[in-house]
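Counting starts at 1 for both ligands and their atoms, in listed order.
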Amino acid sequence: MPEWEPVIGLEIHVQLKTRTKMFCRCENVWGEEENTRTCPTCLAHPGTLPVANKTAIEWAIKLGLALGCEIAPRALFHRKHYFYPDLPKGYQISQYDVPLASGGRFVLPTAEGDREIGIVRAHLEEDAAKTIHVGGAAGRIAGAEYSLVDFNRGGTPLVEIVTEPDLRSPAEAAEFGRLLQATLRRMGVSDVNMEEGSLRVDANVSIRPAGEATLGTKTELKNMNSFRFLERGIAAEIARQEEVLRDGGEVEQETLHFDPQSGSLSALRSKEEAHDYRYFPEPDLVPIAPTEAMLERARAALPELPAARAERLERDLELPADTAKLLAFRSELGDFYEAALTGDGTDPRTLANWTTNELTARIGDADPAGTGLEPAAFARLVEMVAAKEVSASAGKEILGVLVSEGGDPAAVVESRGLGRAGGDELEAIVERAIEENAAAVEKIREGKVQAIGAIVGAVMRETKGRADGGEVQRMIRERLES
Ligand code: ADP
Ligand code: ZN
Ligand code: MG
């Protein structure tokens, strides 16, 4: 039996969060009452004409550049025809043979080095309306009693990104998706929320014997609304295809629907029903012909993207790769970290540790800038712990106070009596702990050195964590040795 190599290409839809829709001036918002953000144009009344959204075009150009694409000098809009209640015009305005952006490369840093993922194209189109199927299983049309249509979503600007079949494992596909999501979020062009559907990722999956150059027959997977599900769906499909081939069968080209409840895949439509969309150029819209000045502006407006930021943090500040990646992928965390870092004398690695471990433990997914904690106060706190002015556990307690109430770490130390235990106070506590733990002392003297933990623990309890563990151990040893 051959070893199978998975081959994966992604098709990604990104809703742009422009103020208005793609071809009309309706407000582009999510979660409002159904059918309240519509007009004759996005409801396809006869005689209405589309006008392209300039911001959407500018953002799509930026996005194409971020993906390393060429921007077409003269990109066309096409009509893509199909009949469905979510599309009152009977066609979707999309792009066909001359997309706005094509031929890109996107670098995915991995533990084994950089991987270049090819980008076939990134084109602009409009989203369809949202259909809501009522009465069937899991909101699907099969078995539904009736369907409702919400035209608020109809006409939302969408960018469709198509990758080359360059991804080689479920984990790599998910990692690519996460980097793309972080990149788009950083650019501020989309909410990129998979649960709400502003980021939708379909996966094309095939397998082939390892070493084989030609591609196997692919299937297309839909409805994975998180990266965890994307990974699971692709893994399930690879396993299914392996079994089909192992049993001497052939993989059929079809579209499969992922069920998040069961993690299983079911057929949505097969190739026999493949659409003929009868594309033709949209006569009501002029081509997109970006000027050199527009391209220059778009290039200049690109922020430092997460992959580059992770690399810079790793290289310049010598942060561990995982830490650098977390700070780069959660850019608000990275921004807070870099703002705190400007405080002089702060060790970048220690501060990064506190940011990715202690701070995230307290704020979860929230933006630290929205809490009481000031970057400078955070830096001072980490310095105080490093200088052993307060113990690590007191430092964590102080951090909790700063996050919820704001203020200065020194003031919190003062008001809550969290200063490091030392001097006569600590000596007295250590001596008492030795007296009260005669059994542990006995064991240590018999060579069971780890019994010292019981005495250290007693001191820590007594000082409420304000003492330095290393110092306490040293003091205990000194006393037992003398
Ligand atoms: P289709 O005509 O079915 O839409 P495309 O050639 O346009 O197919 O490719 C759509 C997506 O499928 C792209 O992301 C591409 O990388 C991916 N893809 C194409 N062929 C394969 C294959 N054999 N295995 C896995 N993915 C593939
Ligand atoms: Zn409208
Ligand atoms: Mg296609």
Side-chain angles (χ1 to χ4, degrees), residues 4-13 18-29 32 35-45 48-53 56 67 80 87-89 93-97 99 102-106 116-123 126-129 150-157 160-170 172-173 176-177 180 200-209 212-222 230 233-234 237-238 241-242 245 250-256 268-277 279:
W4 298 106
E5 178 186 51
V7 174
I8 303 150
L10 301 179
E11 289 175 282
I12 300 136
H13 284 91
T18 49
R19 195 174 51 79
T20 57
K21 292 187 182 181
M22 186 63 225
F23 298 114
C24 66
R25 300 177 72 171
C26 285
E27 207 188 347
N28 176 29
V29 280
E32 294 297 321
N35 296 308
T36 56
R37 292 336 191 246
T38 63
C39 73
T41 299
C42 58
L43 290 176
H45 288 198
T48 54
L49 288 170
V51 177
N53 182 327
L67 297 176
K80 176 182 180 178
L87 194 74
K89 292 199 296 292
I93 303 179
S94 180
Q95 299 194 287
Y96 183 50
D97 51 355
S102 61
R105 318 236 101 231
F106 193 62
E116 274 200 1
I117 307 304
I119 305 294
V120 179
R121 58 192 282 152
H123 73 240
E126 57 178 340
D127 207 350
D150 177 9
F151 286 96
N152 284 4
R153 198 182 76 177
T156 297
E160 181 180 335
I161 300 165
V162 181
T163 78
E164 296 283 359
D166 287 345
L167 298 157
R168 290 291 173 270
S169 71
E172 190 172 79
F176 174 86
L180 183 66
R200 309 197 280 269
V201 184
D202 299 336
N204 297 271
V205 179
S206 66
I207 58 173
R208 61 184 172 188
E212 173 72 56
T214 52
L215 296 173
T217 304
K218 73 172 161 77
T219 55
E220 186 172 352
L221 273 52
K222 288 185 177 293
L230 177 70
I234 295 172
E237 178 55 9
I238 291 168
Q241 291 186 12
E242 282 183 8
L245 296 183
E250 278 179 22
V251 173
E252 219 187 302
Q253 179 165 344
E254 60 185 338
T255 302
L256 299 166
L268 202 61
R269 55 174 178 255
S270 68
K271 202 190 167 149
E272 283 70 44
E273 299 161 56
H275 290 108
D276 176 0
Y277 293 118
Y279 279 99

Polar contact flag for [X] and ligand 1 (N/O pairs, less than 3.5 Å):
X	result
Ser206	yes
Glu11	no
Thr217	no
Gly216	yes
Ile8	no

Is it the case that atom CZ in Arg105 sees more than 12 heavy atoms from other parts of the structure closer than 6.0 Å? yes

Atom indices of ligand 1 within 4.0 angstrom of Pro165 heavy atoms, with elements: 16 (O), 26 (N), 27 (C)

Is there a donor-acceptor contact under 3.5 Å from the side chain of Arg208 to the main chain of Pro6? no

Would a distance-only check, ignoring hydrogens and angles, find a side-chain to backbone donor-acceptor pair under 3.5 Å from Asp150 to Asn35? yes

Would you kindly specify which portion of [X] sits under 4.0 Å from ligand 1, judged on non-hydrogen atoms: side chain, backbone, both or neither?
X	value
Val162	side chain
Leu10	backbone
Glu164	backbone

Ranking Val7, Val120, Ile161 by closest non-hydrogen atom to atom 25 (C) of ligand 1, top hit is Val7

Nearest-option assignment for atom 1 (P) of ligand 1, heavy atoms, candidates Lys218, Arg121, Arg208: Lys218

Could you check if a side-chain atom of Thr20 sits within less than 4.5 angstrom of a side-chain atom of Asn53, using non-hydrogen atoms only? yes

Within-4.5 Å side-chain heavy-atom neighbours: Val7 and Ser206: yes

I'd like to know if Arg37 and Glu32 make a salt bridge, using a cut-off of under 4.0 Å between side-chain N and carboxylate O. yes

I'd like to know if Glu126 pairs up with Lys21 as an ion pair, taking the criterion as any Lys NZ or Arg NE/NH1/NH2 lying under 4.0 Å from an Asp or Glu carboxylate oxygen. no

Three-point angle Cys39:SG, the Zn ion (ligand 2), Cys24:SG, rounded to the nearest 10°: 110°

For the residue pair Lys80 and Tyr279, would you count it as a cation-pi contact if the rule is NZ or CZ under 6.0 angstrom from the ring centre and within 45 degrees of the ring axis? no

